[in-house]
Peer 1: 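Below you will find the structure I want to go over with you.
Residue numbers begin at 1 in each chain, while the letters A, B, ... track the order of the sequences.
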2 protein chains.
Amino acid sequence: MKRRNTPTTEAVLNVLKKTGKAMSQDAIEQKIEIEINRATIYRVLNRFCEDGILHKVVAEDSKQYFALCLECDKNQESIHHFHFRCIKCETIECLPGEVNFSIPDKYKVKNVNCVLTGTCDECS
Amino acid sequence: MKRRNTPTTEAVLNVLKKTGKAMSQDAIEQKIEIEINRATIYRVLNRFCEDGILHKVVAEDSKQYFALCLECDKNQESIHHFHFRCIKCETIECLPGEVNFSIPDKYKVKNVNCVLTGTCDECS
DNA sequence: TAATTATTGCAACAATATCGCATTACATGA
DNA sequence: TCATGTAATGCGATATTGTTGCAATAATTA
């Protein structure tokens, strides 16, 4: 299934590039210039995730946030990093540090979802 | 506001003690002997969280999971640990390791939500 | 330019979680 | 033991988030 370039896909990517942060569908819809259906935004976001262009985090507000994969490796085995969610400015940013954990051999970790919540630099 | 002992509160606590894992409202409702309303279970769980008896994690399935605070300190500053969610047996367990992260000074972390997902010891 | 098929919008749906309000029942003091 | 204040509960309604089916649209390419 080959992907197609559409105004929608470009607009979504541009918003994410511009803010440089992880955003929810809702936040994206608000910041975007053109009008895009909610379901479509989700589909675009999920498609980008499949393609390794975006990654998804679920914060403890139970919402999904999507961000550009920068240092993420395209060869699947992405380096998992922490995310910081500021409750004041309501943004989520990817933190540079890698997530380290130790776990018994037999356990197989397929996904890592780490979000720290609090107030960020500017809001503290 | 003084807490009261009710069959509901005891039943919920007992289920969590018995399994020793983090459970969702749904899982608790299924395992419990008596019939308790959904909203009530949520209220009981949230009350226990306020009292520092339980702690809550949100997994990347966007659901809330509640577990007994064992090594959690009652003096608020609880030691944050990783959680492991097995997609096969659909349970979440608290891992012993502490979550270590570094973050710029001005940032203030108020909550840590870390969930690893995959297959556990028994299901691998 | 026509044809193929990925993409979109709309509406409906599912699931999780919360809230208001009337009712019930726990716990305490008399 | 009983009466009373009020925390806890059940019910229904509601909010929010995210997904899906289907028909219509539009991007690619030959």
Peer 1: Does a distance-only test, which skips hydrogens and angles, find a donor-acceptor pair under 3.5 Å between the side chain of B:Arg43 and the base of C:dT18?
Peer 2: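 No such pair is found, so the answer is no.
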Peer 1: Quick one: A:Tyr42 OH to D:dT16 P, roughly how many Å, whole number?
Peer 2: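 Atom OH in A:Tyr42 sits about 12 Å away from atom P in D:dT16.
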Peer 1: Can you tell me how far apart CD1 (B:Ile92) and NZ (B:Lys21) are? Round to the nearest 0.5 Å.
Peer 2: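 So the gap between those two atoms works out to 10.0 Å.
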Peer 1: Take atom CG of A:Leu13 and atom C1' of C:dT7, then tell me their distance rounded to the nearest Å.
Peer 2: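 Rounded to whole Å, this separation is 15 Å.
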Peer 1: From CD of B:Glu29 over to P of D:dT9, roughly how many Å is that when rounded to an integer?
Peer 2: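 Distance check: B:Glu29 CD to D:dT9 P gives 14 Å.
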Peer 1: With a 6.0 Å cut-off (strictly less than), is the heavy-atom count around CD of A:Glu122, excluding the residue itself, greater than 12?
Peer 2: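 Not buried by this count: 12 neighbours or fewer within 6.0 Å.
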Peer 1: For A:Glu90, is the CD atom crowded, meaning more than 12 foreign heavy atoms sit under 6.0 Å from it?
Peer 2: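 Count not over threshold, so no.
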Peer 1: From C-beta outward on A:Ala39, which listed nucleotide comes closest to its side chain: C:dC10, C:dC19, C:dA17?
Peer 2: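 Given the options C:dC10, C:dC19, C:dA17, the side chain of A:Ala39 is closest to C:dC10.
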Peer 1: Check whether the side chains of B:His83 and B:His55 place a donor and an acceptor atom closer than 3.5 Å, and report yes or no.
Peer 2: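 Side-chain D/A pair, B:His83 to B:His55: present.
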Peer 1: Write down the distance between CD (A:Gln25) and P (C:dT8), rounded to a whole number of angstrom.
Peer 2: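 One finds 14 Å between P of C:dT8 and CD of A:Gln25, rounded.
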Peer 1: Think A:Lys2 has a side-chain N or O under 4.0 angstrom from the OP1 or OP2 of C:dA6?
Peer 2: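 No, because none of the side-chain N or O atoms of A:Lys2 sits under 4.0 Å from OP1 or OP2 of C:dA6.
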Peer 1: Which residue pairs pass the ring pair (Phe, Tyr, Trp, His ring centres under 6.0 Å) test when at least one of the two sits in residues 2-49 of chain B, sequence neighbours left out?
Peer 2: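 Sorted result for residues 2-49 of chain B: empty, none.
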Peer 1: Using a cut-off of less than 4.0 Å, is there contact between a side-chain N or O of B:Ser62 and OP1 or OP2 of D:dT17?
Peer 2: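 Answer no for this pair, as no side-chain N or O of B:Ser62 is under 4.0 Å from OP1 or OP2.
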Peer 1: Can you tell me how far C1' of D:dT20 sits from CG of A:Asn37, to the nearest Å?
Peer 2: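 Between C1' of D:dT20 and CG of A:Asn37: 12 Å.
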Peer 1: The side chain of A:Gln64 is closest to which nucleotide in this list: C:dG9, D:dT19, C:dC19?
Peer 2: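 Nucleotide nearest to A:Gln64's side chain: D:dT19.
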Peer 1: Quick one: B:Asp61 CG to D:dT17 P, roughly how many Å, whole number?
Peer 2: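 Result: 17 Å.
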Peer 1: Atom CG of A:Asn5 and atom C1' of D:dT29: how far apart are they, to the nearest Å?
Peer 2: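 After rounding, the gap between these two atoms is 15 Å.
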Peer 1: Work out how much the helix from C:dT1-D:dA30 to C:dA30-D:dT1 bends between its end axes, five pairs an end, to the nearest 10 degrees.
Peer 2: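 Terminal axis comparison yields 30°.
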Peer 1: Between C1' on D:dT25 and CD on A:Glu35, what's the gap in Å once rounded to a whole number?
Peer 2: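 These atoms are roughly 17 Å apart.
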Peer 1: Between A:Thr8 and C:dT8, is there a side-chain N or O to OP1/OP2 distance below 4.0 Å?
Peer 2: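 So the side-chain polar atoms of A:Thr8 do come within 4.0 Å of the phosphate oxygens OP1 or OP2 of C:dT8, strictly under.
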Peer 1: What is the distance from atom NZ of B:Lys31 to atom CG of B:Leu16, rounded to the nearest 0.5 Å?
Peer 2: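 Going from NZ on B:Lys31 over to CG on B:Leu16, the span is 10.5 Å.
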Peer 1: Looking just at side-chain N and O atoms, do A:Asp26 and A:Gln30 make a donor-acceptor pair shorter than 3.5 Å?
Peer 2: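 Indeed, the side chains of A:Asp26 and A:Gln30 share at least one donor-acceptor pair under 3.5 Å.
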Peer 1: On DNA chain C, compare the nucleotides closest to B:Arg38 and B:Thr6; which residue's is nearer the 5' end?
Peer 2: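 Residue closer to the 5' terminus by nearest nucleotide: B:Arg38.
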Peer 1: Would you indicate what B:Asp26 reaches in the nucleic acid, counting non-hydrogen atoms under 4.0 angstrom: base, sugar-phosphate, or nothing?
Peer 2: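 Contact class for B:Asp26: none.
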Peer 1: Counting side-chain heavy atoms from C-beta on, which of C:dA27, C:dT18, D:dT17 comes nearest to A:Lys63?
Peer 2: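 The nucleotide sitting nearest to the side chain is D:dT17.
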